[in-house]
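One structure coming up, written as structure tokens, with questions to follow.
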Amino acid sequence: MKQRVSAILREKLGREVILEKPRDRSFGHFATPIAFSLAKELRKSPMVIAQELASSFEDTAVFSSVESVKGYLNFRLSEDFLAEYASWALENPAEFGKQQKAQKILLEFVSANPTGPLHIGHARGAVYGDTLYRLAKHLGYDITAEYYVNDAGNQIDLLGLSIQLYARENILKEAVEYPESYYRGEYLETLAQGAIEKFGIEIFKDESCQKELAMWAKDEVMKIIVKDLGDTNIFFDTFVYESTLYEDWDRVMAKMGEGVYEKDGKVWIASEAKGDAKDRVVVREDGRPTYLAGDIVYHNQKFERGYDHYINIWGADHHGYIARVKAAVEYLGYDSTKLEVLLSQMVSLLKDGEPYKMSKRAGNVILMSDIVEEIGSDALRYIFASKKSDTALEFDLSEFKKQDSSNPIFYIQYAHARIKTLLAKAEVSQEDIAAATLKNLGEQADTLLFDALLLPEVIEDAFASRQIQKLPDYLKALAASLHKFYYDVRIIGTEDEAKLLKLLSVVALSLKTGLFLMGIEAKERMTKEDD
RNA sequence: GCGUCUGUGGCUCAACUGGAUAGAGUAUCGGACUUCGGAUCCGACGGUUAUAGGUUCGAAUCCUAUCAGGCGCACCA
């Protein structure tokens with residue numbers, strides 16, 4: 001709709017026009033403050049300009065009225081236009097809100113180390129990434145969801161060590177002395193038992209077996225991670241393993257050219273010259289690559305694969321890494337502005353009002369799977385999607401475990417289910433509903449219809465601004481309009497039944513599409529929790 | 001100390017990226033069903049947008065300073 005209006009304005013004025021939704025619906029469906037900016041150029045008052053523009057629109061079929069108020073230009077869409085659009089959407093439900101954006105995008109997210117199950121902090125980035133992915137797909141982007149698996153380096157060695165230590169203490173019943181850092185958690189029991197089946201109990205006795213154990217274990221952990229993600233409707237197109245990238249090492253280093261140099265027996269990247277705070281070590285004195293080394297080869301590989309745009313979602317604690325990775329990208333000869341790093345802020349937990357510190361190595365983490373079991377995937381996704389990703393999120397665990405009406409996901413799903421119930425009770429036929437024309441239904445119905453047809457704009461805006469919370473905000477507001485409408489207007493058995501059901505079908509389509517884009521199921525019927 | 005993100009009703013967040021009277025939810029209080037699902041609806045209370053300047057027709061939004069907080073500042077990932 002907005003596109004349509006924009007196009008008309010563009011043609012009329014020969015320029016791009018800012019179109020906004022007036023705060024107060026009585027002003028119309030869309031509005032523009034264009035007269036204010038034209039005032040300077042034309043040396044006329046905004047009121048006069050707006051008035052002149054308003055009167056020049058009278059012949060358009062799309063608008064029922066164009067008015068100037070205090071310098072604003074307010075547009076009201078015609079019933080014909082809205083009714084036609086609604087019919088089209090119901091006939092082509094899969095196309096509603098879709099577009100044909102041509103850009104090819106690589107979206108990398110989660111990328112948690114395969115050393116343990118995902119915790120609640122990972123979940124936020126996962127939800128953020130997957131929602132962006134769904135939005136982009138809907139908008140027609142050629143987007144790839146990618147998981148970068150850090151399966152090389154210290155943390156993998158540590159995983160092998162941790163399993164051995166765990167098994168020696170708990171299975172072999174030996175007295176073990178724990179080093180400063182190692183992983184803990186229930187999953188080690190699962191891994192240890194699996195290792196016995198795979199290798200036999202001997203694998204725990206020889207320290208030289210740690211490597212072999214680790215290489216097997218990290219794949220097992222990845223299976224757990226992929227399952228946890230799948231349980232919340234999050235899926236990846238591609239996985240890239242750090243361990244497979246190093247065969248390219250020499251070639252990539254050569255490609256870096258003057259970007260890398262040797263000093264004190266180490267290899268450094270000259271990132272300071274590209275805006276980083278200082279140069280960074282890429283290869284240590286003993287020849288082991290640092291974490292950054294993997295990212296350099298990985299990003300080279302990404303850019304060689306040739307996308308138009310790259311989005312990385314990182315935890316906010318990695319923001320110091322942006323400058324150095326971008327430096328590397330530039331030395332590799334690519335445009336670093338094509339790399340967009342989005343940060344997912346920390347999720348800080350409170351337990352009984354006290355900060356609850358999580359540490360993967362200490363094992364006192366809140367697992368994503370625990371929360372999903374507790375409140376369900378839908379609620380988890382809704383909660384994380386409804387907060388701006390770059391603000392810290394804080395909540396009390398006890399609060400989080402509550403399952404009551406304060407969770408808006410129920411409110412939205414209830415709205416959808418209500419419509420479905422009405423449709424099931426309809427006294428008119430499907431054909432009557434499809435054939436009905438959405439006109440002369442009164443102002444409240446017109447408003448509801450317009451609100452429901454606004455979804456495409458919300459999708460586009462949410463993705464363009466990378467602010468996915470706009471979608472849940474919109475759905476909540478639409479659900480509220482529906483509930484109010486339902487309360488005010490009797491539907492079944494009335495003269496306008498077919499029309500009204502058609503209107504509600506559009507609302508249902510909008511809710512269902514929006515929920516799908518959030519990875520949430522639109523329920524046909526609400527069932528009370530018994531326990 | 002340096003960098004970075006963030007400060008909006010008691011709490012959690014909006015405000016279309018500079019536009020019309022700063023809006024929702026929640027909490028609290030009060031009201032609405034012999035009616036299509038009350039997991040609903042209506043109303044009340046609640047704001048100097050952290051503070052002080054500045055930019056202009058117009059600022060929660062942009063600039064400067066100050067204050068407060070999160071996160072970074074590794075040859076760990």
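In what follows, chains are A, B, ... by sequence order, proteins preceding strands, each numbered from 1. Side-chain atoms are counted along with the backbone in the values below, which use heavy atoms only and exclude waters and symmetry mates.
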**Message:** Under 4.0 Å, counting only non-hydrogen atoms across every strand here, what does A:His483 touch: a base, just sugar-phosphate, or nothing?
**Reply:** sugar-phosphate
Stepwise ring-ring contact (aromatic ring centres under 6.0 Å, His included) check, A:Phe109 with A:Tyr147: CA-CA 6 Å; A:Phe109 63 110; A:Tyr147 190 121; 8.3 Å; no
Which part of the nucleic acid, if any, lies within contact of A:Thr421, taking any heavy atom under 4.0 Å across all strands shown: a base, the sugar-phosphate backbone alone, or nothing?
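Base, at least one base heavy atom under 4.0 Å.
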Legend entry - Residue A:Tyr414, side-chain heavy atoms: nucleotide from B:rU40, B:rA24, B:rA14 that is nearest: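 Nearest to the side chain of A:Tyr414 among the choices is B:rU40.
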Notebook entry, point to check: Phosphate oxygens OP1/OP2 of B:rA39: is one of them under 4.0 Å from a side-chain N or O of A:Arg418?
Noted result: no
Review point. Choosing from B:rC41, B:rG3, B:rA74, which nucleotide comes nearest the side chain of A:Lys278?
Key: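 Looking only at side-chain atoms, A:Lys278 lies closest to B:rA74.
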Could you measure between the two C1' atoms, the one in B:rU28 and the one in B:rG46, and give it in whole Å? 10 Å
Q) Taking atom types as modelled, is there a side-chain donor on A:Gln444 or A:Asp488 under 3.5 Å from an acceptor on the other? A)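 Yes - a donor-acceptor pair under 3.5 Å links their side chains.
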Between B:rA22 and B:rC16, how far apart are the P atoms? Round to whole Å, please.
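Here B:rC16 and B:rA22 have their P atoms 14 Å from each other.
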Pairing partner of B:rG25, by Watson-Crick or G-U wobble and under 3.5 Å for both distances, is B:rC11
- According to the Watson-Crick and G-U wobble definitions, with both distances under 3.5 Å, which nucleotide is paired to B:rU66?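 For B:rU66, the partner nucleotide comes out as B:rA50, under the 3.5 Å rule.
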### Message
For A:Gln51 and A:Ser68, which I'm curious about, is there any donor-acceptor pair between the side chains at under 3.5 Å?
### Response
yes
Side-chain atoms of A:Gln469 come closest, of B:rC16, B:rA14, B:rC36, to B:rA14
- Counting any heavy atom closer than 4.0 Å, what does A:Lys21 reach on the DNA or RNA strands: base, sugar-phosphate only, or nothing?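 Base, at least one base atom sits under 4.0 Å.
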**OP:** Taking all non-hydrogen atoms of both residues into account, name the closest pair between A:Ile156 and A:Asp151 and its distance.
**Re:**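 The answer is CG1-C, 3.5 Å.
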Check: Does any non-hydrogen side-chain atom of A:Leu343 lie less than 4.5 Å from one of A:Asp317?
Finding: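 A:Asp317 does not reach A:Leu343 side chain to side chain.
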Answer yes or no: is there a side-chain heavy-atom contact under 4.5 Å between A:Leu453 and A:Ser510?
-> no
Which nucleotide, B:rG25, B:rG37, B:rC16, lies nearest any side-chain atom of A:Lys425?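 When the side chain of A:Lys425 is considered, B:rG37 is the closest of B:rG25, B:rG37, B:rC16.
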Against the side chain of A:Lys387, the closest entry in B:rC13, B:rG25, B:rA39 is B:rC13
- prompt: Could you state the CG-P distance from A:Leu19 to B:rG19, rounded to the nearest angstrom?
  reply: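 Whole-Å distance recorded here is 13 Å.
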* Tell me what A:Val458 touches on the nucleic acid: a base, only sugar-phosphate, or nothing, going by heavy atoms under 4.0 Å. =>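 A:Val458: no heavy atom of the nucleic acid under 4.0 Å.
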How far, in whole Å, is B:rG25 from B:rU6 if one measures between their P atoms? 26 Å
Answer for the Watson-Crick or wobble partner of B:rG3, both distances under 3.5 Å, is B:rC71
Per nearest nucleotide of RNA chain B, the residue lying toward the 5' end, A:Arg280 or A:Ser386, is A:Ser386
Do A:Asn74 and B:rA20 share a donor-acceptor pair, side chain to base, under 3.5 Å?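 By the distance-only test, yes, there is a pair.
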Review point. Which whole number of Å gives the distance between the P atom of B:rA60 and that of B:rG54?
Key: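 Comparing P positions in B:rA60 and B:rG54 gives a spacing of 15 Å.
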Counting Watson-Crick and G-U wobble pairs only, both distances under 3.5 Å, name the nucleotide matched with B:rA59, or none.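 Checking every strand shown, B:rA59 finds no partner, since no pair has both distances under 3.5 Å.
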Review point. Side chain of A:His318, base of B:rG72: donor and acceptor closer than 3.5 Å?
Key: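 No.
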Hey, which sits more toward the 5' end of RNA chain B by its nearest nucleotide, A:Val283 or A:Gln467?
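Nearest-nucleotide comparison on RNA chain B picks A:Gln467.
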Quick one: label A:Ala277 by what it contacts on the DNA or RNA (base, sugar-phosphate, nothing), any heavy atom closer than 4.0 Å. nothing
### Message
Rounding to an integer number of angstrom, what distance separates B:rC62 and B:rU8 when you compare their P atoms?
### Response
15 Å
Side-chain atoms of A:Lys470 come closest, of B:rA39, B:rC41, B:rA15, to B:rA15
Please indicate yes or no: is the ring centre of A:Tyr72 less than 5.5 Å from the centre of the six-membered base ring of B:rA20, with the two planes inclined by under 30 degrees?
-> yes
Review point. Looking across every strand, which nucleic acid part, if any, lies under 4.0 Å from A:Ala323 by heavy atom: base, sugar-phosphate, or nothing?
Key: nothing
TODO: Could you check whether A:Asp461 gets within reach of a base, just the sugar-phosphate, or nothing at all, counting any heavy atom under 4.0 Å?
DONE: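 Nothing, no heavy atom under 4.0 Å.
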Need one value for A:Glu180: base, sugar-phosphate or nothing, where a base atom within 4.0 Å counts as base even if backbone is also close, heavy atoms only.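 Nothing, no nucleic acid heavy atom in range.
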Which of A:Lys274, A:Arg280, A:Lys278 passes salt bridge (charged side-chain N to carboxylate O under 4.0 Å, His left out) with A:Asp276? It is A:Arg280
How would you label the contact of A:Arg288 with the nucleic acid (heavy atoms, under 4.0 Å): base, sugar-phosphate, or nothing?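 No contact.
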**Item:** Among B:rC41, B:rG37, B:rG19, the nucleotide that comes nearest once only the side chain of A:Lys484 is considered
**Value:**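 Of all the options, the side chain of A:Lys484 is nearest to B:rC41.
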* Asked: Closer than 4.0 Å, any side-chain N/O of A:Tyr411 to the OP1 or OP2 of B:rC41?
  ->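 Affirmative; the distance criterion is met.
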Looking only at the side chain of A:Tyr486 (C-beta and beyond, no hydrogens), which of the listed nucleotides B:rG19, B:rG38, B:rA15 gets closest?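 My answer, after comparing the listed nucleotides, is B:rG38.
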| Taking the side chain of A:Ile492 as its heavy atoms from C-beta onward, which of B:rC36, B:rC16, B:rU40 lies nearest to it? |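 Of all the options, the side chain of A:Ile492 is nearest to B:rC36.
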Taking the P atom of each, how far is B:rA65 from B:rU4, in whole Å?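 Nearest-Å result for B:rA65 against B:rU4 at atom P: 12 Å.
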key: Audit row: A:Tyr148, A:Tyr298, ring-ring contact (aromatic ring centres under 6.0 Å, His included) steps and yes/no   = CA-CA 8 Å; A:Tyr148 175 52; A:Tyr298 176 41; 4.1 Å; yes
- Query: Which nucleotide in the set B:rC36, B:rG19, B:rA32 lies at the smallest distance from any side-chain heavy atom of A:Tyr487?
  - Reply: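 So the nucleotide nearest the side chain must be B:rA32.
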- Query: For atom C1', what is the distance between B:rA24 and B:rG9, given to the nearest Å?
  - Reply: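 The answer is 12 Å between these two C1' atoms.
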For this session: Using the C1' atom on both, measure B:rC45 against B:rC29 and round to a whole Å.
Result: 8 Å
